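Below, chains carry the letters A, B, ... as their sequence lines are ordered, and counting in each starts from 1. Nothing here was measured: the structure is a model prediction, and the numbers come from that model.
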There are 2 protein chains.
Amino acid sequence: MLKKTDKRKVSKSTISRLFVYLREVSKLANLNIRTISSAELAERVNLGAAQIRKDLGYFGHFGVSGSGYDIKELERALKRILEKNKNCRVAIVGCGNLGTALISYGGFQKQGVEIAAAFDTDPKKIGKKYGGIPVQPLDKMPGAIKAKKITIGIITVPAQNAREAVDCLVDSGIKCILNFAPVGLMVPEDVTVKDVDLSREIETLSYFVDNNVVG
Amino acid sequence: MLKKTDKRKVSKSTISRLFVYLREVSKLANLNIRTISSAELAERVNLGAAQIRKDLGYFGHFGVSGSGYDIKELERALKRILEKNKNCRVAIVGCGNLGTALISYGGFQKQGVEIAAAFDTDPKKIGKKYGGIPVQPLDKMPGAIKAKKITIGIITVPAQNAREAVDCLVDSGIKCILNFAPVGLMVPEDVTVKDVDLSREIETLSYFVDNNVVG
DNA sequence: AATGTTTCGTGATTTATTTCACGATAAAAT
DNA sequence: ATTTTATCGTGAAATAAATCACGAAACATT
(Lines give C-alpha, C1' and ligand atoms only; values in the text may rest on other atoms or scores of the structure.)
Protein backbone atom coordinates (compact mmCIF):
# COMPACT_ATOMS: atom_id res chain seq x y z
CA MET A 1 0.00 0.00 0.00
CA LEU A 2 2.08 2.84 -1.29
CA LYS A 3 -0.49 5.51 -1.89
CA LYS A 4 -2.38 6.83 1.05
CA THR A 5 -4.86 8.82 -0.92
CA ASP A 6 -7.80 7.54 1.06
CA LYS A 7 -9.55 10.89 1.30
CA ARG A 8 -12.40 9.53 3.32
CA LYS A 9 -10.16 9.35 6.36
CA VAL A 10 -8.72 12.85 6.08
CA SER A 11 -10.72 15.27 8.17
CA LYS A 12 -11.64 18.80 7.32
CA SER A 13 -9.53 20.06 10.19
CA THR A 14 -6.50 18.31 8.76
CA ILE A 15 -6.94 20.00 5.39
CA SER A 16 -7.48 23.30 7.09
CA ARG A 17 -4.23 22.88 9.00
CA LEU A 18 -2.32 21.96 5.86
CA PHE A 19 -2.99 25.48 4.62
CA VAL A 20 -1.47 26.79 7.81
CA TYR A 21 1.60 24.63 7.38
CA LEU A 22 1.96 25.75 3.79
CA ARG A 23 1.78 29.37 4.72
CA GLU A 24 4.36 29.04 7.45
CA VAL A 25 6.65 26.88 5.37
CA SER A 26 6.51 29.35 2.49
CA LYS A 27 7.53 32.08 4.86
CA LEU A 28 10.45 30.01 6.09
CA ALA A 29 11.46 29.22 2.53
CA ASN A 30 11.76 32.92 1.82
CA LEU A 31 14.05 33.27 4.80
CA ASN A 32 16.34 30.64 3.28
CA ILE A 33 15.95 28.27 6.18
CA ARG A 34 16.73 24.73 5.10
CA THR A 35 14.96 22.34 7.43
CA ILE A 36 12.54 22.36 10.31
CA SER A 37 11.42 19.75 12.80
CA SER A 38 7.79 19.05 13.55
CA ALA A 39 8.39 20.45 17.04
CA GLU A 40 9.70 23.77 15.75
CA LEU A 41 6.94 24.10 13.19
CA ALA A 42 4.43 23.19 15.87
CA GLU A 43 5.61 26.02 18.05
CA ARG A 44 5.33 28.50 15.21
CA VAL A 45 1.76 27.61 14.42
CA ASN A 46 0.56 26.90 17.95
CA LEU A 47 -0.22 23.25 17.39
CA GLY A 48 1.09 19.91 18.57
CA ALA A 49 4.10 18.28 16.92
CA ALA A 50 2.40 14.92 16.77
CA GLN A 51 -0.56 16.50 15.08
CA ILE A 52 1.60 17.94 12.34
CA ARG A 53 3.30 14.62 11.75
CA LYS A 54 -0.01 12.83 11.70
CA ASP A 55 -1.61 15.32 9.32
CA LEU A 56 1.27 15.00 6.89
CA GLY A 57 1.30 11.26 7.35
CA TYR A 58 -2.06 10.99 5.60
CA PHE A 59 -0.45 12.08 2.36
CA GLY A 60 2.99 10.54 2.37
CA HIS A 61 6.44 10.55 3.91
CA PHE A 62 7.90 14.01 3.67
CA GLY A 63 10.26 14.10 6.62
CA VAL A 64 13.67 12.69 7.40
CA SER A 65 14.27 11.00 10.73
CA GLY A 66 16.84 12.83 12.76
CA SER A 67 16.79 16.07 10.82
CA GLY A 68 13.15 16.95 10.20
CA TYR A 69 11.52 18.32 7.07
CA ASP A 70 13.31 19.87 4.13
CA ILE A 71 11.47 23.13 3.77
CA LYS A 72 11.55 23.44 -0.01
CA GLU A 73 10.43 19.87 -0.36
CA LEU A 74 7.65 20.20 2.18
CA GLU A 75 6.44 23.36 0.50
CA ARG A 76 6.31 21.57 -2.82
CA ALA A 77 4.48 18.61 -1.31
CA LEU A 78 1.89 20.78 0.40
CA LYS A 79 1.29 22.76 -2.76
CA ARG A 80 0.77 19.56 -4.66
CA ILE A 81 -1.69 18.24 -2.09
CA LEU A 82 -3.63 21.48 -2.00
CA GLU A 83 -3.29 22.60 -5.59
CA LYS A 84 -6.50 20.86 -6.50
CA ASN A 85 -8.37 24.03 -5.81
CA LYS A 86 -6.30 25.72 -8.49
CA ASN A 87 -9.32 26.58 -10.53
CA CYS A 88 -11.64 27.62 -7.78
CA ARG A 89 -13.63 30.75 -8.54
CA VAL A 90 -15.88 32.47 -6.06
CA ALA A 91 -18.53 35.17 -6.12
CA ILE A 92 -19.00 37.75 -3.39
CA VAL A 93 -22.58 38.74 -2.68
CA GLY A 94 -22.66 41.95 -0.69
CA CYS A 95 -20.10 44.68 -1.18
CA GLY A 96 -20.17 46.29 2.24
CA ASN A 97 -17.11 46.53 4.41
CA LEU A 98 -16.77 42.80 4.88
CA GLY A 99 -17.31 41.98 1.24
CA THR A 100 -14.78 44.53 0.07
CA ALA A 101 -12.39 43.37 2.79
CA LEU A 102 -12.45 39.91 1.23
CA ILE A 103 -12.17 41.24 -2.31
CA SER A 104 -9.19 43.40 -1.51
CA TYR A 105 -7.46 40.77 0.58
CA GLY A 106 -4.62 39.68 -1.68
CA GLY A 107 -3.85 36.28 -0.26
CA PHE A 108 -6.35 34.16 -2.18
CA GLN A 109 -4.74 34.09 -5.58
CA LYS A 110 -1.66 32.54 -4.03
CA GLN A 111 -3.79 29.58 -3.03
CA GLY A 112 -5.61 29.45 -6.33
CA VAL A 113 -8.85 31.01 -5.15
CA GLU A 114 -10.02 33.70 -7.53
CA ILE A 115 -12.73 36.19 -6.73
CA ALA A 116 -14.41 36.29 -10.10
CA ALA A 117 -17.53 38.36 -9.53
CA ALA A 118 -19.16 40.69 -7.03
CA PHE A 119 -22.82 41.52 -6.54
CA ASP A 120 -24.89 44.01 -4.59
CA THR A 121 -28.43 45.33 -4.58
CA ASP A 122 -27.50 48.95 -3.87
CA PRO A 123 -27.82 50.91 -7.17
CA LYS A 124 -25.15 53.33 -5.97
CA LYS A 125 -22.62 50.51 -5.89
CA ILE A 126 -23.43 48.92 -9.24
CA GLY A 127 -20.66 49.51 -11.72
CA LYS A 128 -18.12 50.49 -9.08
CA LYS A 129 -14.97 48.42 -9.01
CA TYR A 130 -13.27 46.86 -6.01
CA GLY A 131 -9.90 45.28 -6.62
CA GLY A 132 -10.68 45.35 -10.32
CA ILE A 133 -13.96 43.49 -9.91
CA PRO A 134 -17.07 45.36 -11.07
CA VAL A 135 -20.13 45.21 -8.85
CA GLN A 136 -23.16 43.78 -10.63
CA PRO A 137 -26.86 43.67 -9.75
CA LEU A 138 -28.37 40.41 -8.56
CA ASP A 139 -30.24 39.73 -11.79
CA LYS A 140 -26.93 39.39 -13.58
CA MET A 141 -25.90 36.61 -11.25
CA PRO A 142 -27.12 33.46 -13.01
CA GLY A 143 -25.43 34.48 -16.25
CA ALA A 144 -22.20 35.63 -14.65
CA ILE A 145 -21.87 32.52 -12.51
CA LYS A 146 -22.27 30.22 -15.45
CA ALA A 147 -20.03 32.28 -17.72
CA LYS A 148 -17.21 32.43 -15.21
CA LYS A 149 -17.63 28.88 -13.95
CA ILE A 150 -17.99 30.05 -10.37
CA THR A 151 -18.45 27.24 -7.83
CA ILE A 152 -18.58 29.00 -4.47
CA GLY A 153 -20.78 31.85 -3.30
CA ILE A 154 -19.82 34.04 -0.37
CA ILE A 155 -22.59 35.86 1.41
CA THR A 156 -21.51 39.11 3.03
CA VAL A 157 -24.82 40.92 3.08
CA PRO A 158 -26.67 42.02 6.24
CA ALA A 159 -28.78 39.35 7.93
CA GLN A 160 -32.05 40.66 6.56
CA ASN A 161 -30.86 40.29 2.97
CA ALA A 162 -29.33 36.86 3.37
CA ARG A 163 -32.44 35.00 2.29
CA GLU A 164 -32.55 36.85 -1.02
CA ALA A 165 -28.84 36.34 -1.56
CA VAL A 166 -28.92 32.62 -0.90
CA ASP A 167 -31.98 32.07 -3.10
CA CYS A 168 -30.30 33.88 -5.91
CA LEU A 169 -27.13 31.82 -5.54
CA VAL A 170 -29.07 28.57 -5.43
CA ASP A 171 -31.07 29.59 -8.50
CA SER A 172 -27.78 30.26 -10.25
CA GLY A 173 -26.70 26.69 -9.65
CA ILE A 174 -24.27 27.21 -6.76
CA LYS A 175 -23.87 24.17 -4.52
CA CYS A 176 -21.49 25.55 -1.97
CA ILE A 177 -21.91 28.67 0.11
CA LEU A 178 -19.82 30.42 2.70
CA ASN A 179 -22.19 32.47 4.80
CA PHE A 180 -21.06 35.43 6.88
CA ALA A 181 -24.58 36.62 7.65
CA PRO A 182 -25.59 35.75 11.22
CA VAL A 183 -28.63 33.72 10.30
CA GLY A 184 -29.33 30.06 9.73
CA LEU A 185 -30.01 29.53 6.05
CA MET A 186 -32.31 26.84 4.85
CA VAL A 187 -31.16 25.40 1.55
CA PRO A 188 -31.92 22.39 -0.63
CA GLU A 189 -30.27 19.15 0.45
CA ASP A 190 -27.62 19.20 -2.24
CA VAL A 191 -26.35 22.64 -1.26
CA THR A 192 -23.71 22.98 1.45
CA VAL A 193 -23.55 26.03 3.66
CA LYS A 194 -20.58 26.76 5.84
CA ASP A 195 -21.33 29.46 8.39
CA VAL A 196 -18.69 31.87 9.56
CA ASP A 197 -20.07 33.98 12.29
CA LEU A 198 -17.75 36.76 13.33
CA SER A 199 -19.88 38.15 16.10
CA ARG A 200 -20.29 34.69 17.55
CA GLU A 201 -16.54 34.25 17.66
CA ILE A 202 -16.21 37.38 19.72
CA GLU A 203 -19.20 36.60 21.90
CA THR A 204 -17.98 33.11 22.61
CA LEU A 205 -14.50 34.31 23.39
CA SER A 206 -15.89 36.95 25.70
CA TYR A 207 -17.99 34.38 27.52
CA PHE A 208 -14.93 32.37 28.35
CA VAL A 209 -12.87 35.40 29.24
CA ASP A 210 -15.44 36.54 31.75
CA ASN A 211 -15.74 33.08 33.19
CA ASN A 212 -11.99 32.66 33.42
CA VAL A 213 -12.08 29.37 31.64
CA VAL A 214 -9.98 30.32 28.65
CA GLY A 215 -7.16 28.00 27.82
CA MET B 1 -27.84 18.19 42.83
CA LEU B 2 -30.07 20.98 41.58
CA LYS B 3 -27.62 23.31 39.96
CA LYS B 4 -25.82 22.11 36.93
CA THR B 5 -23.38 24.97 36.81
CA ASP B 6 -20.40 22.72 36.33
CA LYS B 7 -18.76 24.89 33.71
CA ARG B 8 -15.84 22.54 33.26
CA LYS B 9 -18.03 20.15 31.36
CA VAL B 10 -19.58 22.65 28.98
CA SER B 11 -17.61 22.84 25.78
CA LYS B 12 -16.79 25.91 23.80
CA SER B 13 -18.88 24.62 20.92
CA THR B 14 -21.89 24.36 23.17
CA ILE B 15 -21.57 27.98 24.27
CA SER B 16 -21.08 29.01 20.69
CA ARG B 17 -24.26 27.25 19.70
CA LEU B 18 -26.21 28.84 22.54
CA PHE B 19 -25.64 32.17 20.83
CA VAL B 20 -27.16 30.71 17.68
CA TYR B 21 -30.18 29.45 19.58
CA LEU B 22 -30.62 32.81 21.23
CA ARG B 23 -30.52 34.64 17.94
CA GLU B 24 -33.04 32.34 16.34
CA VAL B 25 -35.32 32.31 19.34
CA SER B 26 -35.29 36.11 19.53
CA LYS B 27 -36.32 36.22 15.91
CA LEU B 28 -39.18 33.83 16.60
CA ALA B 29 -40.23 35.84 19.63
CA ASN B 30 -40.62 38.88 17.41
CA LEU B 31 -42.87 36.90 15.12
CA ASN B 32 -45.12 36.13 18.11
CA ILE B 33 -44.63 32.41 17.85
CA ARG B 34 -45.34 30.75 21.18
CA THR B 35 -43.48 27.47 21.32
CA ILE B 36 -41.02 25.46 19.30
CA SER B 37 -39.79 21.89 19.47
CA SER B 38 -36.13 20.97 19.44
CA ALA B 39 -36.70 19.36 16.05
CA GLU B 40 -38.12 22.55 14.51
CA LEU B 41 -35.41 24.71 16.02
CA ALA B 42 -32.82 22.21 14.82
CA GLU B 43 -34.04 22.53 11.27
CA ARG B 44 -33.88 26.31 11.42
CA VAL B 45 -30.29 26.38 12.59
CA ASN B 46 -29.02 23.36 10.67
CA LEU B 47 -28.16 21.30 13.70
CA GLY B 48 -29.38 18.10 15.34
CA ALA B 49 -32.36 18.11 17.67
CA ALA B 50 -30.58 15.96 20.22
CA GLN B 51 -27.69 18.36 20.23
CA ILE B 52 -29.92 21.27 21.05
CA ARG B 53 -31.56 19.38 23.87
CA LYS B 54 -28.20 18.29 25.20
CA ASP B 55 -26.71 21.77 24.99
CA LEU B 56 -29.63 23.23 26.90
CA GLY B 57 -29.56 20.34 29.34
CA TYR B 58 -26.21 21.52 30.70
CA PHE B 59 -27.91 24.56 32.14
CA GLY B 60 -31.30 23.40 33.27
CA HIS B 61 -34.71 22.18 32.23
CA PHE B 62 -36.29 24.67 29.90
CA GLY B 63 -38.60 22.51 27.82
CA VAL B 64 -41.94 20.87 28.35
CA SER B 65 -42.44 17.27 27.28
CA GLY B 66 -45.01 16.98 24.57
CA SER B 67 -45.10 20.61 23.58
CA GLY B 68 -41.51 21.81 23.32
CA TYR B 69 -39.98 25.06 24.47
CA ASP B 70 -41.83 28.21 25.33
CA ILE B 71 -40.08 30.77 23.21
CA LYS B 72 -40.20 33.73 25.58
CA GLU B 73 -39.01 31.55 28.40
CA LEU B 74 -36.20 30.01 26.41
CA GLU B 75 -35.09 33.43 25.25
CA ARG B 76 -34.98 34.63 28.82
CA ALA B 77 -33.05 31.55 29.93
CA LEU B 78 -30.48 31.88 27.16
CA LYS B 79 -29.97 35.55 27.87
CA ARG B 80 -29.41 34.76 31.51
CA ILE B 81 -26.87 32.05 30.69
CA LEU B 82 -25.01 34.25 28.25
CA GLU B 83 -25.40 37.62 29.88
CA LYS B 84 -22.20 37.19 31.80
CA ASN B 85 -20.35 38.90 28.99
CA LYS B 86 -22.49 41.96 29.60
CA ASN B 87 -19.51 44.10 30.34
CA CYS B 88 -17.18 42.87 27.68
CA ARG B 89 -15.24 45.60 25.93
CA VAL B 90 -13.00 45.02 22.97
CA ALA B 91 -10.40 46.97 21.01
CA ILE B 92 -9.96 46.75 17.26
CA VAL B 93 -6.39 46.98 16.03
CA GLY B 94 -6.33 47.73 12.33
CA CYS B 95 -8.95 49.92 10.69
CA GLY B 96 -8.87 48.53 7.17
CA ASN B 97 -11.93 47.06 5.54
CA LEU B 98 -12.22 44.15 7.93
CA GLY B 99 -11.67 46.25 11.04
CA THR B 100 -14.25 48.80 9.99
CA ALA B 101 -16.61 46.00 8.99
CA LEU B 102 -16.50 44.76 12.56
CA ILE B 103 -16.84 48.24 14.02
CA SER B 104 -19.85 49.08 11.92
CA TYR B 105 -21.51 45.72 12.42
CA GLY B 106 -24.35 46.54 14.76
CA GLY B 107 -25.04 43.16 16.30
CA PHE B 108 -22.50 43.15 19.10
CA GLN B 109 -24.17 45.55 21.51
CA LYS B 110 -27.19 43.30 21.58
CA GLN B 111 -25.01 40.57 23.04
CA GLY B 112 -23.21 42.93 25.37
CA VAL B 113 -20.00 43.22 23.43
CA GLU B 114 -18.88 46.83 23.10
CA ILE B 115 -16.21 47.99 20.72
CA ALA B 116 -14.58 50.54 22.94
CA ALA B 117 -11.48 51.61 21.02
CA ALA B 118 -9.85 51.42 17.61
CA PHE B 119 -6.20 51.69 16.66
CA ASP B 120 -4.18 52.02 13.50
CA THR B 121 -0.65 52.97 12.51
CA ASP B 122 -1.63 54.91 9.40
CA PRO B 123 -1.36 58.66 10.22
CA LYS B 124 -4.07 59.40 7.66
CA LYS B 125 -6.55 57.38 9.67
CA ILE B 126 -5.72 58.74 13.11
CA GLY B 127 -8.55 60.91 14.40
CA LYS B 128 -11.07 59.62 11.91
CA LYS B 129 -14.16 58.06 13.38
CA TYR B 130 -15.84 54.81 12.46
CA GLY B 131 -19.19 54.12 14.03
CA GLY B 132 -18.45 56.85 16.51
CA ILE B 133 -15.12 55.34 17.60
CA PRO B 134 -12.05 57.52 17.00
CA VAL B 135 -8.97 55.86 15.57
CA GLN B 136 -5.94 56.23 17.82
CA PRO B 137 -2.24 55.59 17.26
CA LEU B 138 -0.66 52.50 18.80
CA ASP B 139 1.18 54.41 21.50
CA LYS B 140 -2.12 55.45 23.02
CA MET B 141 -3.09 51.82 23.43
CA PRO B 142 -1.84 50.96 26.94
CA GLY B 143 -3.56 53.98 28.41
CA ALA B 144 -6.81 53.54 26.50
CA ILE B 145 -7.06 49.85 27.31
CA LYS B 146 -6.65 50.42 31.00
CA ALA B 147 -8.94 53.45 31.06
CA LYS B 148 -11.75 51.66 29.23
CA LYS B 149 -11.27 48.32 30.97
CA ILE B 150 -10.88 46.53 27.65
CA THR B 151 -10.34 42.79 27.95
CA ILE B 152 -10.23 41.53 24.37
CA GLY B 153 -8.07 42.67 21.49
CA ILE B 154 -9.05 42.02 17.90
CA ILE B 155 -6.29 42.03 15.33
CA THR B 156 -7.42 43.07 11.86
CA VAL B 157 -4.12 44.31 10.48
CA PRO B 158 -2.27 42.82 7.49
CA ALA B 159 -0.10 39.79 8.26
CA GLN B 160 3.14 41.74 8.24
CA ASN B 161 1.93 44.09 10.97
CA ALA B 162 0.44 41.42 13.21
CA ARG B 163 3.59 40.99 15.28
CA GLU B 164 3.62 44.65 16.21
CA ALA B 165 -0.09 44.64 16.97
CA VAL B 166 0.08 41.60 19.22
CA ASP B 167 3.12 42.88 21.11
CA CYS B 168 1.37 46.14 21.72
CA LEU B 169 -1.74 44.39 23.00
CA VAL B 170 0.24 42.13 25.28
CA ASP B 171 2.21 45.10 26.63
CA SER B 172 -1.11 46.76 27.35
CA GLY B 173 -2.13 43.85 29.54
CA ILE B 174 -4.54 42.08 27.20
CA LYS B 175 -4.85 38.35 27.89
CA CYS B 176 -7.24 37.41 25.15
CA ILE B 177 -6.84 38.04 21.44
CA LEU B 178 -8.96 37.31 18.41
CA ASN B 179 -6.60 37.22 15.46
CA PHE B 180 -7.76 37.73 11.89
CA ALA B 181 -4.25 38.04 10.48
CA PRO B 182 -3.22 34.89 8.66
CA VAL B 183 -0.12 34.21 10.75
CA GLY B 184 0.63 32.14 13.80
CA LEU B 185 1.27 34.46 16.69
CA MET B 186 3.62 33.55 19.46
CA VAL B 187 2.45 34.94 22.79
CA PRO B 188 3.25 34.45 26.47
CA GLU B 189 1.67 31.42 28.09
CA ASP B 190 -1.00 33.37 29.91
CA VAL B 191 -2.33 34.98 26.75
CA THR B 192 -4.93 33.19 24.66
CA VAL B 193 -5.12 33.67 20.93
CA LYS B 194 -8.09 32.54 18.91
CA ASP B 195 -7.37 32.54 15.20
CA VAL B 196 -10.04 33.28 12.65
CA ASP B 197 -8.65 32.77 9.23
CA LEU B 198 -11.02 33.88 6.52
CA SER B 199 -8.90 32.87 3.59
CA ARG B 200 -8.43 29.45 5.11
CA GLU B 201 -12.17 29.00 5.39
CA ILE B 202 -12.55 29.63 1.69
CA GLU B 203 -9.54 27.57 0.74
CA THR B 204 -10.67 24.63 2.82
CA LEU B 205 -14.17 24.83 1.46
CA SER B 206 -12.84 24.97 -2.08
CA TYR B 207 -10.66 21.93 -1.46
CA PHE B 208 -13.66 19.88 -0.50
CA VAL B 209 -15.79 21.26 -3.32
CA ASP B 210 -13.24 20.24 -5.89
CA ASN B 211 -12.86 16.84 -4.31
CA ASN B 212 -16.60 16.31 -4.10
CA VAL B 213 -16.44 15.37 -0.48
CA VAL B 214 -18.58 18.15 0.88
CA GLY B 215 -21.38 17.13 3.13
C1' DA C 1 32.60 2.07 12.70
C1' DA C 2 30.37 2.43 16.80
C1' DT C 3 27.70 5.08 19.93
C1' DG C 4 24.63 8.64 21.14
C1' DT C 5 21.15 11.89 19.64
C1' DT C 6 17.46 13.59 17.07
C1' DT C 7 13.22 13.19 14.94
C1' DC C 8 10.05 10.92 12.07
C1' DG C 9 5.82 7.85 11.33
C1' DT C 10 2.19 5.58 13.27
C1' DG C 11 -0.48 2.19 16.15
C1' DA C 12 -2.59 2.55 20.53
C1' DT C 13 -4.71 5.39 23.87
C1' DT C 14 -7.18 9.08 25.49
C1' DT C 15 -10.18 12.77 25.22
C1' DA C 16 -13.89 15.29 23.20
C1' DT C 17 -18.10 15.62 20.70
C1' DT C 18 -22.08 14.00 18.54
C1' DT C 19 -25.74 10.98 17.92
C1' DC C 20 -28.77 7.40 19.40
C1' DA C 21 -32.47 5.56 21.83
C1' DC C 22 -35.65 5.18 25.22
C1' DG C 23 -38.01 6.07 29.76
C1' DA C 24 -40.68 9.74 31.59
C1' DT C 25 -43.78 13.47 31.23
C1' DA C 26 -47.28 16.37 29.63
C1' DA C 27 -50.62 17.66 26.37
C1' DA C 28 -54.44 16.23 23.12
C1' DA C 29 -57.93 13.20 21.70
C1' DT C 30 -61.41 9.90 22.34
C1' DA D 1 -60.40 8.63 32.57
C1' DT D 2 -57.80 6.29 29.43
C1' DT D 3 -55.32 6.10 25.43
C1' DT D 4 -52.60 8.21 21.99
C1' DT D 5 -49.24 11.32 20.54
C1' DA D 6 -45.59 14.52 20.93
C1' DT D 7 -41.45 15.77 22.89
C1' DC D 8 -38.18 16.39 26.45
C1' DG D 9 -33.94 14.95 29.16
C1' DT D 10 -30.21 12.09 29.47
C1' DG D 11 -27.32 7.84 30.02
C1' DA D 12 -25.16 4.93 26.79
C1' DA D 13 -23.05 4.16 22.33
C1' DA D 14 -20.76 5.72 18.43
C1' DT D 15 -17.80 8.79 16.05
C1' DA D 16 -14.26 11.96 15.55
C1' DA D 17 -10.08 14.20 16.91
C1' DA D 18 -5.99 14.89 19.50
C1' DT D 19 -2.23 13.11 22.07
C1' DC D 20 0.96 9.72 23.61
C1' DA D 21 4.70 6.81 23.21
C1' DC D 22 7.88 4.09 21.11
C1' DG D 23 10.31 1.51 17.29
C1' DA D 24 12.92 2.64 13.37
C1' DA D 25 15.62 5.58 10.57
C1' DA D 26 18.98 9.05 9.75
C1' DC D 27 22.26 12.16 11.28
C1' DA D 28 26.29 13.77 14.39
C1' DT D 29 30.27 12.83 17.07
C1' DT D 30 34.15 10.60 18.51
With distance as the sole criterion, is a donor-acceptor pair present between the side chains of T121(B) and N161(B) under 3.5 Å?
no
Without decimals, in angstroms, what is the distance between F62(A) CZ and dT10(C) P?
11 Å
So, E203(B) versus S206(B): side-chain donor-acceptor pair below 3.5 Å or not?
no
In whole angstrom, give the distance that lies between atom CG of L56(A) and atom P of dG9(C).
7 Å
Any luck finding a side-chain donor-acceptor pair between D55(B) and T14(B) under 3.5 Å?
yes
Set of residues satisfying salt bridge (charged side-chain N to carboxylate O under 4.0 Å, His left out) with respect to E75(B), sequence neighbours excluded:
K79(B)
State, to 0.1 Å, how close I174(B) and G153(B) come at their nearest heavy-atom pair, and which atoms those are.
CG2-N, 3.9 Å
Closest to the 5' end of DNA chain D, once A39(B) and K12(A) are matched to their nearest nucleotides, is A39(B)
Mind calculating the distance between NZ (K9(B)) and C1' (dT17(C)) to the nearest angstrom?
13 Å
State whether the number of non-hydrogen atoms from other residues, nucleotides or ligands found under 6.0 Å of R34(B) atom CZ is greater than 12.
no
Protein heavy-atom contacts under 4.0 Å, written 5' to 3' over nucleotides 18-30 of chain C as B (base), S (sugar-phosphate only) or - (none), form the string SBBB---BS----
Rounded to the Å, how far apart are Y69(A) OH and dA26(D) P?
14 Å
Tell me whether the OP1 or OP2 atom of dA25(D) has a side-chain N or O from H61(A) closer than 4.0 Å.
no
Nearest-angstrom distance from the residue atom CD of E40(B) to C1' of dA6(D):
11 Å
For the pair made of CG in L18(A) and C1' in dA17(D), what is the distance, rounded to whole Å?
15 Å
To the nearest angstrom, how far is I15(A) atom CD1 from dA16(D) atom P?
16 Å
